[in-house]
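First the structure, in the form of structure tokens, and then the observations on it.
Fair warning: this is a prediction, and the values are worked out from it, not measured in the lab. Reminder, nothing fancy here: chain letters follow the sequence lines and each chain counts from 1.
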Amino acid sequence: MCEKVKKKEYYITTAIAYASGKPHIGNTYEIVMADAIARYKRMTGYDVFFQTGTDEHGQKIEEKAQEAKMDPQAYVDQQTAVIKEIWDLMNTSYDKFVRTTDDYHKKQVQKIFEKLYKKGDIYKSEYEGWYCTPCESFWTDAQIVDGKCPDCEREVHKAKEESYFFKMSKYADQLMEHIENNPEFIQPESRKNEMINNFLKPGLQDLCVSRTSFKWGVPVTFDDKHVVYVWIDALSNYITGLGFDCDGNHGELYKKYWPADLHLIGKDIVRFHTIYWPILLLALDISLPKQVFGHPWMLFGEEKISKSRGNVIYADDLVKFFGVDAIRYFVLNEMPFAQDGSITWQLVIERINSDLANIYGNLVNRTVSMVNKYFDGKLTEEREYKPIDEDLMDFALETVKKVDHKMDSLRVADALDAIFELLRRCNKYIDETLPWSLAKDENKKDRLNTVLYNLLEGIRIATVLVEPFMPETARKIYNQINTKQVSYNSILSWGNYEVNNKVTDKPVPLFARIDAEAKLEEIQKYLEAKEPEKMKFKDEITIDDFAKIDIRIGTILNCKKHPKADKLLVLKVKCGSDERQIVSGIAEKYSPEQLIGKKVAFIANLAPIILRGQQSRGMILTAEDESGMLETITVNEVEDGAVVK
RNA sequence: CGCGAGGUAGAGCAGUUCGGUAGCUCGUCGGGCUCAUAACCCGGAGGUCGGAGGUUCAAAUCCCCCCCUCGCAACCA
């Protein structure tokens, strides 16, 4: 690093977490990665601002709060506390935690909305479609039959459900140009191609930016039926959190840190951050963030982590068993740049044992032990260098450069790998120099002193590099080897470890080796002991409510795949003298042949609908359990037409 | 023909930009060492680089076709 007059700013954000449940390890990975980058940038001399937060509005939260019989604000207060607790548990060093329910944020969102409305970029329109008054339903051009409602066959008229829309297309060319001129803007590159081919090239639809169907959101100031829908609300946290002011009286932080250097987000929301968000900024005449990185996902083994699959792993459980730094190390190391990573309890143990315990912890332990054993914990100034030492020194200094290069391109896992190569090199150096045999010869005392110094220095350099990834571990090692030389500058050259410092006389192993079998058993017991979630049922209904549903038995006469949708099957169902077509989303579980001739339960009086061009009159009843196993409800003896009650 | 990613040793991955002895980690087998946490270091075995064809003196790498897996989009009345 060259000498700097003024520190360069670096603004990094994570996506804000949706405050509707406890984040699992996959969600937690993002903030840990952001934290590692933020800490690294701080160490290398940047003036860093690191922001995270929660998205607290929307229908789902409104519903969940209702389910819990809580006021939505009280509900999100509680959820946000849970999220914050995990972020803090992971030792993440964010500077600001924004909540979309913050007064300042809400006020700015309203102003932004107003400004765009006045500018003409947001306009009120109605959901284009046909409305059937008796059915209270909207139909598209393709759905209506001969200008009539496909449901009741009565007249329909032009739709009137109002909504505010954002003119996306107006800025599409400008955005496209920006993407092309800034190849680093969307990372990794595969995501960029996806955006261009799937969304920009086919042409952007105007985006619906308000809702009337729920209340828990930022109200539109000039039209109180509407609340601002997620995009404008959530995305603008990146500027409101810094004190952006729509009228131009920006806070100091905003003036200093915007535009963001990096939005770190999951690959599932790349579209919102690389299309909607930049366009929103263009419309507001604000400069665009420099880079958006859509990171891959953490999978459980080979599957997506999800509650319904029952394979959720939470950060706090992992930390309970392995400690914060081990988990930080695991997620950062195991997640490749552009491909999904994988986590299992077994894998975590393997990584900890082979990398943290064997290579790193043991290296520190054996080195400190030797310094104690041969020099009473304190090295001297006498030196005797050999050519073999050069190699270690070069390697260490090269590693510093390599890590910097990798971090610059956000290759966090590769950076960690490089550090561990240095640690391996140190272990090898011990075998090359054989300190214990030097110790047997009084004449080789100086040589031995030099060898151990080199080892401590190698460890010190590696540990300074490790600090952004495992802050606690680094601190412990600084204590063990008793050094104050922990700045980044101190590792740009060899030999800054303080000679006369006494290392600890009781080196405690940094990472204990784990007995995999015993540990897995312990974990298994713990997970089983965790209370299973209480069964939740929907609100009580009366027998009259139930009587409205006409459930019948029907014989499947014929069944084929839906020509234009791979998850759907099109069935011909006979129910007494009635014969009808029903579309069902069970193509992933049943092949058409399996169903023909079966007698299944279905809802006979459900309003008809067109699904991808095929009419469906009714719904086949199925049962699905948590693992995703799905079966139709089938009878054998009863004739079709039979009533189910 | 929707878009995209991937298929390399038992497992997980790098190498493909710009063709030239196929590499890393874990596991496994053998050896070395005794400072250390049964840790560390060295070596061996194990791969027709998804398949067929083409270009070339030479293909994991370039071109064409095909197969398989995953993600996104559409879709679950």
With side chains defined as the heavy atoms from C-beta onward, is the minimum distance between [X] and [Y] less than 4.5 Å?
{"X": "A:E334", "Y": "A:I343", "value": "no"}
{"X": "A:L571", "Y": "A:V583", "value": "no"}
{"X": "A:C426", "Y": "A:L392", "value": "yes"}

Please determine, for the side chain of [X], which listed nucleotide ([options]) has the closest atom?
{"X": "A:A357", "options": "B:C26, B:U37, B:C75", "result": "B:U37"}
{"X": "A:Y374", "options": "B:C41, B:C35, B:C76", "result": "B:C35"}
{"X": "A:K567", "options": "B:C75, B:U37, B:U25", "result": "B:C75"}

Practice prompt. Using Watson-Crick or G-U wobble pairs with both distances under 3.5 Å, give me RNA chain B in dot-bracket, 5' to 3', with [ ] for crossers and | for pairs to another strand.
Written response: .(((((((.[[[[.)....(..]]]].(((((.......))))).....[[.[[..)....]].]])))))).....
Look at all strands and tell whether [X] reaches a base, only sugar-phosphate, or nothing, counting heavy atoms closer than 4.0 Å.
{"X": "A:N362", "result": "base"}
{"X": "A:L363", "result": "nothing"}
{"X": "A:R617", "result": "nothing"}
{"X": "A:F511", "result": "base"}
{"X": "A:S584", "result": "sugar-phosphate"}
{"X": "A:V364", "result": "nothing"}
{"X": "A:P509", "result": "base"}
{"X": "A:N365", "result": "base"}
{"X": "A:K428", "result": "sugar-phosphate"}

Within this structure, what is the [atom1]-to-[atom2] distance between [X] and [N], rounded to whole angstrom?
{"X": "A:F272", "N": "B:C72", "atom1": "CZ", "atom2": "P", "answer": "12 Å"}
{"X": "A:R411", "N": "B:C24", "atom1": "CZ", "atom2": "P", "answer": "20 Å"}
{"X": "A:L416", "N": "B:C13", "atom1": "CG", "atom2": "P", "answer": "18 Å"}
{"X": "A:F420", "N": "B:C24", "atom1": "CZ", "atom2": "P", "answer": "19 Å"}
{"X": "A:E421", "N": "B:A14", "atom1": "CD", "atom2": "P", "answer": "15 Å"}
{"X": "A:I359", "N": "B:U25", "atom1": "CD1", "atom2": "C1'", "answer": "9 Å"}
{"X": "A:L347", "N": "B:U25", "atom1": "CG", "atom2": "P", "answer": "17 Å"}
{"X": "A:N358", "N": "B:G27", "atom1": "CG", "atom2": "C1'", "answer": "14 Å"}

Worksheet entry | A:K428 charged N/C atom sitting above A:F395 aromatic ring, 6.0 Å / 45° |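 No, a cation-pi geometry is absent between A:K428 and A:F395.
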Worksheet entry | Residues that A:R460 engages under side-chain hydrogen bond (donor to acceptor under 3.5 Å, both in side chains), provided they are two or more places apart | A:E457, A:S490
Practice prompt. Kindly write out the residues that satisfy side-chain hydrogen bond (donor to acceptor under 3.5 Å, both in side chains) with A:S616, not counting sequence neighbours, or none if the list is empty.
Written response: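 side-chain hydrogen bond (donor to acceptor under 3.5 Å, both in side chains) check on A:S616 returns nothing, list empty.
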Worksheet item: Could you go step by step and tell me if A:Y329 and A:T473 meet the side-chain hydrogen bond (donor to acceptor under 3.5 Å, both in side chains) rule?
Response: CA-CA 11 Å; A:Y329 175 78; A:T473 300; over 6 Å; no
Worksheet item: Can we say A:D640 and A:K599 salt-bridge, meaning some charged N sits less than 4.0 Å from an Asp/Glu carboxylate O?
Response: no
Worksheet item: Is A:D550 paired with A:R552 through a side-chain N to carboxylate O contact shorter than 4.0 Å?
Response: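 Salt bridge between A:R552 and A:D550, a charged N being under 4.0 Å from a carboxylate O: yes.
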Practice prompt. Starting from the 5' end of RNA chain B, give me the residue, A:R425 or A:S437, whose nearest nucleotide shows up first.
Written response: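 Counting from the 5' end, the first nearest nucleotide belongs to A:S437.
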Worksheet item: Between A:Y429 and A:I620, which is nearer to the 5' end of RNA chain B once each is assigned its nearest nucleotide?
Response: A:Y429
Can you give me every donor-acceptor pair (side chain of residues 516-523 of chain A, partner residue at least two apart or in another chain, under 3.5 Å) with its distance?
unit_1 : atom_1 : unit_2 : atom_2 : d
A:K519 : NZ     : A:F321 : O      : 3.4

Worksheet, complete the sentence: For A:R617, the salt bridge (Lys or Arg N to Asp or Glu O under 4.0 Å) test, sequence neighbours excluded, returns none
Below 3.5 Å is the cut-off: list the nitrogen or oxygen pairs between protein and nucleotides 30-33 of chain B, distance only.
unit_1 : atom_1 : unit_2 : atom_2 : d
B:G32  : N2     : A:D431 : OD2    : 3.2

